[in-house]
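Letters A, B, ... mirror the listed sequences (proteins, then strands); counts begin at 1.
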Amino acid sequence: MPIRTRFAPSPTGYLHIGGVRTALFNWLFAKGQGGQFILRVDDTDQQRNVEAALAPILEGLRWLGLDWDEGPEVGGDFGPYFQSQRGAQYQAAVDALLACGAAYRDFARPEEIQAEREQAQEAGQQFTYSRKWMAADAAAAAAFEAAGRSGVVRLKMPRTGELVLQDLVRGPVRFAWAREQDHVIQRADGSCLYHLATVVDDHAMQISHVVRAEEHLSNTPRQMFIYQQLGYPLPQFAHLPYVAEPGSKHKLSKRKLAKYLKHRDFSRLKRHGDNIAARLGLSVEAEVFNPVIVDFYEQVGYLPTAVLNYLLLLGWSLDDATEEFTREQMRQHFSLDRVNKAPASFDPQKLLAFQERAFQQLPVKQKTALVLPYLQRAGLVCDPPPCATAPYLSQIVTAAGDRLKVAGDILDYEDFFVPDEQLAYDEKTLAKRFQNAAGAREILTDFRQELGATTSFDADAVEVVLKSFVQRQGIQMGQIVHVLRLALTGKAVGFGIFETLAILGKTRSLARMDRLLAQECD
RNA sequence: GGCCCCUUCGUCUAGCGGUCUAGGACUCCGGCCUUUCACGCCGGCAACACGGGUUCGAGUCCCGUAGGGGUCACCA
C-alpha cells in the first residue's frame with residue numbers, strides 16, 4: 001500500500017510554526033518513501049473568507065518548498081480538498097452510522113446537557129450522558145420534533161471495554177471506552193463536525209498515516225470508533241509532541257507574544273525582525289508580524305532550508321552529531337521512530353545559528369540576489385536596478401561577509417545607497433569620534449588631502465596610503481579609523497575601513513569627508 | 001478534578017544494562033585574532049527529577065512519588 005500522509009490546516013489566516021513542523025514531518029515521511037503528501041483544508045466550521053484565510057498558509061508552505069501532491073490549486077483524484085465541499089460524503093457516513101446503530105438522533109437542548117454535566121461534576125462523578133433525549137426510532141424523533149425540539153446526531157459510544165491505540169511515536173496507549181462521550185457529529189442544520197469529517201476524508205483520500213500533533217491523541221478513540229463502525233481499515237497513527245514556548249513546556253501560541261517578549265532571546269529575535277520591517281515600512285504588530293507565524297521569517301529574509309533544518313531537529317534527531325541536512329538528506333533520513341516523545345521548546349538563538357550557517361555557505365551571487373529586493377522595497381535601489389547596481393552590490397555583500405545573517409540585514413548598510421549629502425550621522429558617534437575627539441578634525445583634514453592626491457583607489461592601495469599616513473604622522477590607527485568611518489558611513493561599526501573606501505570610490509569618499517569636516521564643532 | 005502523555009546540561013539532543021569520571025549542538029563565561037562590528041580559533045561552566053526494587057552491574061528495565069503538559073465543545 002502506498003504511503004499517503006496529509007496536512008489538514010483549518011484556514012485561520014496564518015501558518016503557525018508548530019503547524020509547519022507537523023507539515024514537514026508529514027511531507028518528509030511521505031516523500032522519503034516515495035509516497036504522496038496531501039493538503040486538505042479543514043474548513044467545516046469556517047464560513048466566509050476561506051480563500052483569504054487560506055492564502056497565507058499556502059504561501060508559507062510554498063515558500064518552504066513543502067509542495068503537496070494533491071490539494072488546493074493542484075487538484076487530485078480524491079477531491080474536493082475542502083471539507084466545506086464534501087457534505088454529501090459526510091451525510092452518507094452519518095446515515096450509515098445511524099443505520100447500524102453506532103449513532104443516534106438526539107434532541108436534548110444544550111442547556112439540558114450542560115445541566116447533566118454540572119450535576120455529575122458536583123457529585124464528583126464522571127459525566128456520562130443519560131441519553132434521555134435520544135430518539136430510539138423515527139416515531140420518537142417525530143414526537144420530539146412535534147414538541148419543538150431540534151435534533152443533532154451523536155455517536156453511540158460503547159460504555160464498557162478498552163481500546164489500545166498503537167501509536168507510531170508513543171507505542172501502545174490504552175483508553176477505557178467508558179470515558180468517552182457521545183460526541184455530536186452532525187448539527188441540527190445538517191453540518192458535520194470535525195471528528196466525522198476527518199475520518200471520512202482520511203479514508204476517502206486513502207491516507208495511510210495520520211501524523212499530527214499530540215493534542216489530537218485524546219480525540220483518537222472516538223475517531224477509531226467511527227472507522228470501525230463504518231468498516232474502514234484503520235490508518236497508522238503518529239502523535240507528535242507539540243512545539244513549546246521558549247523556556248517553558250506550554251504549547252507555543254501566537255496569542256502569547258507579549259509573554260514571550262520577556263524572554264531575552266525571543267525578544268532579540270523580534271527586535272531584529274522589527275528593525276528590518278521598519279525600514280521596509282511594514283507593520284510590526286503581533287497580529288501580522290510574529291515569530292510564531294512563519295511569514296515573519298520570510299519577511300525578514302531567512303532561508304527556507306534553515307528554518308526547515310531547525311524545525312526538523314525540534315523533536316527529531318538522526319544521531320549524536322549530525323545537525324546539518326540538505327532537503328534531500330532530510331527526506332532520506334527522516335523516520336517516525338526517531339521522533340521524540342517529549343515536547344521541545346522553541347529556541348530562537350538556535351534557529352538563528354542554523355540560519356547563519358546556511359547563509360554563510362551561499363555564494364556571493366546568490367546572496368546578492370536575495371538581498372536586492374530588500375533594497376528595492378526600502379526605496380534604496382530602483383526596480384529594475386540600474387546596470388551598475390550588480391557589481392556595486394556584489395562588492396558590498398562581499399565586504400559585509402558574515403555580518404549578513406538574514407537577507408534583510410543588508411539594510412544595516414543603507415548608507416552605501418543614500419546620496420552623500422543625505423548621510424545621517426549617529427549622534428553618539430559623532431560626538432565621541434569627531435566633536436569631542438581631540439585632533440580628529442585636523443587628522444581627517446590632513447588625510448583628506450593625502451587621499452585627494454591618490455590615483456589608485458582599490459582596497460590595497462588605500463591601505464598603503466593610510467598606513468603610511470599613520471606612520472608619518474606618528475599617530476595610532478585608532479585615531480584616524482574611527483573618525484574616517486564616521487565620515488564615510490555615519491556609523492561607529494561597519495566593514496573594514498579599506499573596503500569601505502574602495503566601495504565608495506574616490507569621489508564619494510572625499511565628498512563624505514568634506515561633508516563631515518563642514519560640520520560645526522562645539 | 002477525571003483521563004491520557006511526558007521527565008538527560010539554561011535550550012535542542014545522543015544514550016536502546018557494562019565502552020558514561022554521560023557525548024554533540026546552541027546559549028553563556030573567559031582568552032586569542034583585530035581599525036570597529038561580525039566571523040573565526042582555543043578553553044571553560046553546566047544534566048541522568050526523587051524513592052524503591054530487578055541485576056554481579058541501571059541514565060538505560062519494573063513499580064511508586066513528585067513535577068510538567070495535553071485534553072475533557074453543537075472548535076479544529
Strictly by Watson-Crick or wobble contacts shorter than 3.5 Å, is anything paired with [N], and which nucleotide is it?
{"N": "B/rC4", "result": "B/rG69"}
{"N": "B/rG40", "result": "B/rC32"}
{"N": "B/rC16", "result": "none"}
{"N": "B/rG51", "result": "B/rC63"}

Using the [atom1] atom as the point on both nucleotides, what is the distance between [M] and [N], in whole Å?
{"N": "B/rU55", "M": "B/rA49", "atom1": "P", "answer": "23 Å"}
{"N": "B/rC32", "M": "B/rA38", "atom1": "P", "answer": "16 Å"}
{"N": "B/rC63", "M": "B/rG24", "atom1": "P", "answer": "33 Å"}
{"N": "B/rA14", "M": "B/rC33", "atom1": "P", "answer": "39 Å"}
{"N": "B/rG44", "M": "B/rU35", "atom1": "P", "answer": "28 Å"}
{"N": "B/rG64", "M": "B/rA25", "atom1": "P", "answer": "39 Å"}
{"N": "B/rU7", "M": "B/rC12", "atom1": "P", "answer": "12 Å"}
{"N": "B/rC61", "M": "B/rC16", "atom1": "P", "answer": "11 Å"}

Assign the ring pair A/F237 / A/H239 to parallel, tilted or perpendicular, where the plane angle (0 to 90°) is split at 30° and 60°.
parallel
Figure out the [atom1]/[atom2] separation between [X] and [N], and round it to whole Å.
{"X": "A/N309", "N": "B/rU13", "atom1": "CG", "atom2": "C1'", "value": "14 Å"}
{"X": "A/I475", "N": "B/rU35", "atom1": "CD1", "atom2": "P", "value": "14 Å"}
{"X": "A/D319", "N": "B/rC16", "atom1": "CG", "atom2": "C1'", "value": "15 Å"}
{"X": "A/E356", "N": "B/rC37", "atom1": "CD", "atom2": "C1'", "value": "13 Å"}
{"X": "A/D320", "N": "B/rG15", "atom1": "CG", "atom2": "P", "value": "8 Å"}
{"X": "A/R264", "N": "B/rC29", "atom1": "CZ", "atom2": "C1'", "value": "12 Å"}
{"X": "A/L318", "N": "B/rA25", "atom1": "CG", "atom2": "P", "value": "16 Å"}
{"X": "A/L269", "N": "B/rC26", "atom1": "CG", "atom2": "P", "value": "18 Å"}

Closest-nucleotide mapping onto RNA chain B: is A/F346 or A/R109 further toward the 5' terminus? I mean the 5' end.
A/F346
Assert: residue with more 5' nearest nucleotide on RNA chain B, out of A/K467 and A/G247, is A/G247
[options]: which one has an atom nearest the side-chain heavy atoms of [X]?
{"X": "A/V184", "options": "B/rG70, B/rC74, B/rU36", "answer": "B/rC74"}
{"X": "A/H482", "options": "B/rA76, B/rU35, B/rA14", "answer": "B/rU35"}
{"X": "A/R403", "options": "B/rC26, B/rU71, B/rC37", "answer": "B/rC37"}
{"X": "A/F498", "options": "B/rU35, B/rC37, B/rU7", "answer": "B/rU35"}
{"X": "A/H195", "options": "B/rC3, B/rA76, B/rA25", "answer": "B/rA76"}
{"X": "A/V493", "options": "B/rC12, B/rC74, B/rC37", "answer": "B/rC37"}
{"X": "A/A342", "options": "B/rU7, B/rC4, B/rU71", "answer": "B/rU7"}
{"X": "A/L217", "options": "B/rA14, B/rC5, B/rC26", "answer": "B/rC5"}
{"X": "A/R154", "options": "B/rU35, B/rC74, B/rC12", "answer": "B/rC74"}
{"X": "A/R187", "options": "B/rC74, B/rU11, B/rG40", "answer": "B/rC74"}

Sugar-phosphate only, base, or nothing, as touched by [X] at under 4.0 Å among non-hydrogen atoms:
{"X": "A/L193", "value": "sugar-phosphate"}
{"X": "A/R40", "value": "nothing"}
{"X": "A/R212", "value": "nothing"}
{"X": "A/R485", "value": "base"}
{"X": "A/G496", "value": "base"}
{"X": "A/R222", "value": "nothing"}
{"X": "A/Q349", "value": "sugar-phosphate"}
{"X": "A/V152", "value": "base"}
{"X": "A/R433", "value": "nothing"}
{"X": "A/D189", "value": "nothing"}
{"X": "A/H239", "value": "nothing"}
{"X": "A/F354", "value": "nothing"}
{"X": "A/A108", "value": "base"}
{"X": "A/H183", "value": "nothing"}

Given [N], is OP1 or OP2 found less than 4.0 Å from the side-chain N or O atoms of [X]?
{"X": "A/S317", "N": "B/rA14", "value": "yes"}
{"X": "A/T44", "N": "B/rA76", "value": "yes"}
{"X": "A/S345", "N": "B/rC12", "value": "yes"}
{"X": "A/N340", "N": "B/rA14", "value": "yes"}
{"X": "A/R117", "N": "B/rA73", "value": "yes"}

Can a donor-acceptor pair under 3.5 Å be found between the side-chain atoms of A/R170 and the base atoms of B/rC5?
no
Counting only distance, no hydrogens or angles, is the base of B/rA38 paired donor-acceptor with the side chain of A/K405 under 3.5 Å?
no
Do A/N219 and A/Y194 have side-chain N/O donor and acceptor atoms under 3.5 Å apart?
no
Less than 4.0 Å between a side-chain N and a carboxylate O, is that true for [Y] and [X]?
{"X": "A/R403", "Y": "A/D412", "answer": "no"}
{"X": "A/D265", "Y": "A/K350", "answer": "no"}
{"X": "A/D182", "Y": "A/R159", "answer": "yes"}
{"X": "A/E245", "Y": "A/K259", "answer": "yes"}

State the CD-CD distance between A/Q121 and A/Q114, to the nearest 0.5 angstrom.
8.5 Å
Rounded to the nearest 0.5 angstrom, the NE2-CE distance for A/H482 and A/M477 is 9.5 Å
Give a yes/no verdict on a cation-pi contact between A/R222 and A/F225, requiring under 6.0 Å between NZ or CZ and the six-membered ring centre and an angle within 45° of the axis.
no
Using modelled atom types and a 3.5 Å cut-off, is there a donor and acceptor pairing between side-chain atoms of A/N26 and backbone atoms of A/F7?
no
